[in-house]
Structure formats: structure tokens, C-alpha cells
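The structure appears below as C-alpha cells.
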Amino acid sequence: MAENLLIAGATMYTFERFAQEIKQALVATGLLTEDQIDLSVPKAKGATGDLALPCFKAAKAQGGNPAQLAQQLAQQLTLPADGLIGTVEVAGPYVNFSLRQAAFAAEVLHDVAERGEHYGCADNATGRTVIVEYSSPNIAKRMHVGHIRSTIIGQAIANLYACSGYQVVRDNHLGDYGKQFGVMIAAVQRYGRPDAEGEAALEQMEGIYQRYNNLLRDAAAADEEFNPDAEGDLDDEARAWSLKLEQDDPQAVELWQWMVDLTKAANQRNYDRLGVHFDTQHGESFYKHLLGEVINAAGESELAERDNGAVIIKDLPDARGKTLPTFLIQRSDGGTLYITRDIATIKHREATYDPAAIIYIVGQPQELHFRQTFALARALGYTDAELTHVSFGTVFDAQGQALSTRKGNMIYLEALLDESYTRAKALIEQKVAEGKTTLSAEQIDAVAKQVGVGAVIYNDLYQDPKRNITVDWDRMLAFEGNSAPYLQYMHARCCSILREGAPLAADYSAALLVHPTEQSLLKEIARLPEVVREAAERFAPFVIADWLYATARAFSAFYDACSVLKAETAELRAARLHLVDATAQALRNGLALLSIQAPERM
RNA sequence: GUGGGCGUAGCUCAGUGGAUAGAGCAUCGGUCUUCUAAACCGACGGUCAAGGGUUCGAGUCCCUUCGCCCACGCCA
């Protein structure tokens, strides 16, 4: 993917041009070849420089001494007069290259101004399609923590691929298929439809589903309607509805469709609050016409064995050649399984989109399922797309128990967003009372929504999704330190300065931005394009979050050290206003990649 | 048992073979008459789970061991 972004004609951002200049100058010495050049960012505390060449590799290839080679290189380098390279220093086996501050500042600010809200993104379309499957809640149930993680992480990954020049298909793969829908329909017939809306309606659905299930089991003794004689009937009833549904019985389909619509409407409220949208929301049932083909194709292959009517796949190797555990693609009663439907889905996607990649945002417990799915889809020749399972860790409560509805420790999306909004609003009202900011009641409400949602999103995106999470409300909804509200606050401060300092001068001298905090801030802003690329390649939104935090901190340090509106000279004021403008734009762009809003006041 | 993930400061986490391992929270100490203190500056805090190996160089790669989480043919 990195190659795609460097093809001729693509816009190169400042840091790329800097690296390019260094490579060209190094190769021109004739002392090493391009493949021996591996530039890195200097980490040593005393090191001066913005990019470094460690000389170990080249020296080894030539049988020489790294420190000597570094010396020779530094002596024989000829630098372009008006380029980005400022000074070159040798530190032992390293050659350190520093940016020429004036040129660097001008080019970074120019990059941002020119690209605006697209700054950081690849501007050349790859012409390739990526499908991102995320959120994927179940019909007739509330979205719980797992779906929340999938929704938020998936949305960010989809954003990252769109920003990287891919055509992105955002696919909400709804859980609308399976035996439980027979029970669900029977339960609705018996207890009636919910009278609430939104998540409350789904909560009622969960309730009657549970109640019906309890009736089926002996645990139903407590239910006043329990009648031992009816038990067998109840089971038959559910089974009958399940069968009717599969046979497209009009009444069953109508009830099922009603549940789908109810659930979609309820979830849509939450998606709207989160700013999440999808291009397609097909459920598993959408792919059922392909199930027969899948089973036939697999059944005829050498991979399959039949056992009492079931179709079993044995000894299938995965992408790394490891043999996967045996699994079924057809039950002995002829029914299909989750994996059968997932493979049918791949077949459909290949035919519909010809994707370069399909990215699944699903929890870690399904790691084996996806290895099996991918391996079988490949073995059947259904796709040549890159298939990736981005797995995320489990959420545990403070006692170390996994969250579950039955234990009563589950966290649902609506309640989480409400809690976050309430906390944000209380904090904003406190700031207003302290005279720190002035906002109307309407503005308080709007900002509380943006800050509340931002905190929830950031909690899922600031770290590697692989990690398990322990519930801690204070940390989840933190408004200080490394948190969304901090990032939003720094953006709002930028906006405040820009309001006061408007309009921006058409002519200004970026060369005046030589204060250490100004240069540090510029360097952070300049990193965004490479950060976007890395985040996409690693399926890692937290790389963006890291960058946002570093950039916001750099701005904060600048804000503290340098007054913009009361700068020493009018020229410096003008230049700093442009720096603040670029900072605001870069922060907005980074936040947008995470689907976090950037209020102008807070 | 087999396979996957994780193990870095008291807690939550970055660190993708390069130089003296970094942040936030917590604790302690400074900084608002100033462009918003949701902030800034400083201090404290480390046997990178343990042991071996690979190499100029390992938190990072390989092997072994330990601990935690998860998965493993008729749920999704």
C-alpha cells in the first residue's frame, strides 16, 4: 500500500520530500546504494535532527566501519540550496539530518492550506474497493459492549481506508438468521409486541424471548402462566415458526420483517448519535440463496466428509499451512451454520464488488471461526481478496467477570451515551458557572453531546483493540489528559484565537516561526500523512489517537509559551495565526478519522 | 491437550531490529489580572513476567518456562 501512495503524480507531503532529498543526496555521494538507506527518527535525548541514517547496514555490506562511513557521508554530501535539509551532523555511527526551519514551516503550512479537510489523505484514488464489516448487531436485541466496540473501531477503520484512496463499502452484517427467530416469533404471538420505542422496545423483546425460553425449561416454575402440560406444545410451536420462516410463510416473514425494522429503527438512533452510517445493511438471511451452492461445492471437494447427514470439513490448512480443527458446514438435520453463511457472503461480495480486501471487525473469541472461514473460502476459490479479521478484546467488569445480560452487568449503548452526555453537561455547566466560558443553553446541550459522544468513541480507539478492557466509568468517560475532550478543547482554543484574530493575512512569513514550540507543533502537523498510512496498514485507529494527543500537547505547549494575538510584531502575529489555523485543520481532520466532532467553542 | 491473544512505572497504556524505554491517571511541588487552568512546567516512579538463543545492536525476532484471557464438529 505504501507503494501506491508514492506512484508518480501523487502529491508528496513535506516529510516525504525531506526524506526524498536525503536519499538523493546520499546516493549521489556514491558511497552507498539506495537499498542500504533506512532512515529513522532520532530517539536519543541529546540527538539533534529530524531524520537519521544509521550506518550499520551499509557499513556491514561494504565491510567497513559504521562511524567512519557516517563521517565520509557527511563530508561528501552536497545539499540542494533551497531544499528542506538544514544541517547534517554525525553522531558516532549515525548521520543526523535537520530540517531547514524556514522552508519547512512554509511547506507544511502550504500543504495544509492547499489540502484543507483532505490534508493527511492520499489524493490519488487506488481504484480498489475495500469492504469493512462492522457493528453487526443481532435482530431483536440491544447492542451491547461488543457491538459498540465493533461499531466504533469499524467506523474508524472504514474512514482510514477512504482517506487512503480506497472505495469503501461499509457493511452492517445483521444477525437475522437462526433457530432463535422461531422462538422469538412464538414469543411475540404469545405475549404481544412491545409498546416502547428504541432500545426499550428491544429490551422488552429480550424479556419475552427469555420468558418464553424459561417456559420451555423447568426453570419456568416461577412463572404464573406455567403449565406443565403446555411445555411440549411450546417447543413445537417455536419449531413450527422456525420452519415456517425458512419456507417463506407470509405471516412468519411479516413478523420477522417487523422485528428487523424495529431493531434497525432502534439502532439507528444510536448510530445517529455516534455519527455512524452504512452503505449496506444486509443480514445473514440475505445470502441464504447461496447456501446450497456453498454446501454442494464444499461437499464435492476432497475436504468434506459426511457424518450422519452432517457435512464436515477436516484437515483444512490455514494461510500459514497449519491444519485447522474440524468444523461443520451443514448440520445433520440439513440446517446451515454461521460459517456457511459467512462463506456465502464472501461469494456474494466477490461477485458484487470484486473487493481488494474484506475487513471484519469482530471480537477475539471468533478468531478461529474466521481462520476457518477464510481458509475454506480460499479453498473453494471464492475470492482472491485479502481477508482480515480485526479482532478486539473482551470487556470485563471491575470484578473481572465478562459482561453478560444474565449476570446483569451488561452495558448498553444508549445508557453509555446518556451517561457520558450527563457527565459532559455537568462539567460544561460548571465551567460556565466558573466564568471560564460563555455558552447559551442550546450551545451547552450541543457541546455536551459532542463531548459526551467523543469521550465514548475515544475510549475504544485510544489503545490497541486487541487488549481486553476492564470497565471503569471514570476512565471511560475521562475528560482530562489523553481523552477526546482534551483534543476537542485544544481545537476549540484554536478556534477562539482564530475568531479574535480574523481575518488571516494573505501574505505572511512562515520563516518567523522559529520558537521551539512552534517548530515542534509544525513537525507534529507534518506527520499526519504518514500516520494515516500506518494506521490504515495496521488497522489501528489508535495510531491516529496517539498522533492527535501528541499534536494537541504540542499546541498546548505553544499556546502556553507564545501569545498569538499579542505577539511581539504584527508579522509574527500573522504567521502564528496561520500556524493556529493549520493546527485546527489538522486536529479536525484527525478527529474526523475517528468520527469525533470538533466543536468550535466549549 | 492443541491453537490464538496478552504480560512494559502503583493503575491504564504507547514503544513494528537502532542511540540514555515514553505518555496519561494517581501522588507531591509550582503556574490564572494575560488568546478558555478541560491547561502548562517540574518531581516521584522500571530486573520490559523468567531463563536461554540469534547479532554490531533485542522491550521488539527464535526457543523453553510461568501467569492471565479466549477458542476448539451440529449456537452466533
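Because the structure is predicted, anything quoted here is derived from the model rather than measured. Lettering of chains follows the sequences in order, A, B, ..., and the numbering in each one begins at 1.
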* Asked: Is a donor-acceptor contact shorter than 3.5 angstrom present between the side chain of A:Asn96 and the base of B:A19?
  -> yes

Closest to the 5' end of RNA chain B, once A:Ala561 and A:Arg371 are matched to their nearest nucleotides, is A:Arg371

Considering every strand and a 4.0 Å limit on heavy-atom distances, what is the contact class for A:Thr326: base, sugar-phosphate, or nothing? base

Ring centroid separation A:Phe555 to A:Tyr489 under 6.0 Å: no

For A:Arg573 and B:C35, is the shortest distance between a side-chain N/O and OP1 or OP2 below 4.0 Å? no

More than 12 heavy atoms of other groups within 6.0 Å of A:Lys288 NZ: yes

Q. Looking at A:Arg341, does any N or O in its side chain come under 4.0 Å of the phosphate oxygens OP1/OP2 on B:A76?
A. yes

Comparing A:Lys60 with A:Gln180, nearest RNA chain B nucleotide closer to 5' gives the residue A:Lys60

ask   = Do A:Ser496 and B:C35 share a donor-acceptor pair, side chain to base, under 3.5 Å?
value = no

Ranking B:U36, B:A19, B:A71 by distance to the side chain of A:Ala492, first place goes to B:U36

To the nearest angstrom, the CG-P distance between A:Asn459 and B:C13 comes to 10 Å

So the stems of RNA chain B, runs of at least three Watson-Crick or G-U pairs (under 3.5 Å), are B:1-7 with B:66-72, B:10-13 with B:22-25, B:27-31 with B:39-43, B:49-53 with B:61-65

*Counting only N and O atoms by type, is there a donor-acceptor contact under 3.5 Å from the side chain of A:Ser301 to the main-chain atoms of A:Ala298?*
yes

Syn within 90° of 0, anti beyond: B:G53 is anti

Would you indicate, yes or no, if B:C74 has its OP1 or OP2 atom less than 4.0 angstrom from a side-chain nitrogen or oxygen of A:Tyr338? no

query = Looking across every strand, which nucleic acid part, if any, lies under 4.0 Å from A:Lys466 by heavy atom: base, sugar-phosphate, or nothing?
reply = sugar-phosphate

